[in-house]
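In this text the structure is predicted, and so the values were computed from the model without any measurement.
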Amino acid sequence: MTVTLSLLFVGGVLFSAGAVLMLTRALTRILVGAVIMGNGVNVLILSTAGRAGQPALAHPGADLSRITDPLPQVMVLTAIVITLALTAFMLAMAYRSWQLTGSDEVRDDIEDRRVALRGEEAAERARLQDEYWKRRRQQLSAVPERGAVADRRRLTRVRAEYLRSRFRLRRRLRAARARQARAANLSGDLWDNVLGEDR
């Protein structure tokens with residue numbers, strides 16, 4: 001295996017291990033994953049430089065074909081500084097979370113849940129309206145000429161079923177919002193606690 005292939009393999013393994021760690025909920029694992037992924041990216045950038053050669057100093061008499069490309073090394077130095085800053089920031093976040101809650105678990109945001117429920121409600125409402133109009137078209141096409149009264153009765157039944165399903169959906173959404181509000185009141189909002197003491 002050549003040097004470049006071995007660097008590509010090591011960089012891919014480091015990058016994938018860091019990505020797996022960053023998908024967890026604990027801030028310390030996310031921090032370790034970010035550091036490992038940063039090192040994997042640095043190794044992948046270094047693998048683009050090719051084989052090792054002479055230092056990148058263009059002095060008289062230097063063989064320019066044997067000089068190493070300095071650009072990947074400069075990019076790796078910059079990436080190391082950025083990874084150090086990100087590590088310091090995430091360490092501060094994990095320490096502050098541990099101070100306030102006693103754990104470094106990242107919790108779901110209540111506002112995100114509300115937005116998701118709002119989207120589900122709109123999708124369910126659109127689906128119910130589509131079903132209503134589909135049934136209405138089917139019933140109108142199936143009604144004989146004599147049946148204006150039967151048509152009105154069927155339309156009333158379909159409308160009542162549609163309104164009942166909308167009522168059930170609203171009741172379920174209200175119950176979910178009430179559960180979320182109770183959970184928010186019991187656990188407290190982490191960012192209100194974080195910003196509350198520093199204001």
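Between Leu169 atom CG and Glu124 atom CD the span is 5.0 Å, to the nearest 0.5 Å. With rounding to the nearest 0.5 angstrom, the CG atom of Leu44 is 8.5 Å from the CG atom of Leu7. Taken from CZ in Arg125 to OG in Ser165, the straight-line distance is 11.5 Å, to the nearest 0.5 Å. The OG1 atom of Thr28 sits 12.0 Å away from atom CE of Met93, with the distance rounded to the nearest 0.5 Å. A distance of 15.5 Å separates CD of Gln129 from NZ of Lys134, quoted to the nearest 0.5 Å.
Leu31 and Trp98 are not part of a single hydrophobic cluster, where members link through side-chain heavy atoms under 4.5 Å apart. Hydrophobic clustering of Ile, Leu, Val, Met, Phe, Trp and Tyr side chains at less than 4.5 Å, counting indirect connections, keeps Ile45 apart from Leu14. Cluster membership for Val32 and Val43, using ILVMFWY side-chain heavy atoms within less than 4.5 angstrom, is shared. Using a 4.5 Å cut-off between side-chain heavy atoms of Ile, Leu, Val, Met, Phe, Trp and Tyr, with links allowed through other members, Leu163 and Leu128 fall into the same hydrophobic cluster. Phe15 and Val76 end up in the same hydrophobic cluster when Ile, Leu, Val, Met, Phe, Trp and Tyr side chains are linked at under 4.5 Å.
In this structure, Ala26 and Glu105 approach most closely via the heavy-atom pair CB-OE2, 4.0 Å. Pairing each heavy atom of Pro72 with each of Thr48, the nearest pair is CG-OG1, 3.7 Å. Summarising the geometry of Val13 relative to Ser16, their closest heavy-atom pair is O-OG, 2.9 Å, with the distance given to 0.1 Å. The two atoms that bring Leu86 and Ala34 nearest to each other are CD2-CB, 4.1 Å, heavy atoms only.
By the 4.5 Å heavy-atom criterion applied to side chains, Glu161 and Tyr132 are not counted as neighbours. Put simply, the side chain of Tyr95 does not reach to within 4.5 Å of the side chain of Leu91, judged on heavy atoms. At least one side-chain heavy atom of Met90 sits less than 4.5 Å from a side-chain heavy atom of Ile30. Side chains of Arg135 and Tyr162 form no contact here, defined as non-hydrogen atoms less than 4.5 Å apart.
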Step by step, work out the side chain to side chain contact (heavy atoms under 4.5 Å, CB included) result for Gln73 and Leu46.
CA-CA 7 Å; Gln73 297 172 12; Leu46 277 179; 4.2 Å; yes
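Using modelled atom types, one finds no donor on one side chain facing an acceptor on the other under 3.5 Å when comparing Ser97 with Asp104.
Screening Val81, Ile80, Ile82 against Thr78 for a side-chain contact (heavy atoms from CB on, under 4.5 Å) leaves a single residue, Ile82.
The number of heavy-atom neighbours closer than 6.0 Å to CZ of Arg29, taken from other residues, nucleotides and ligands shown, is 12 or below.
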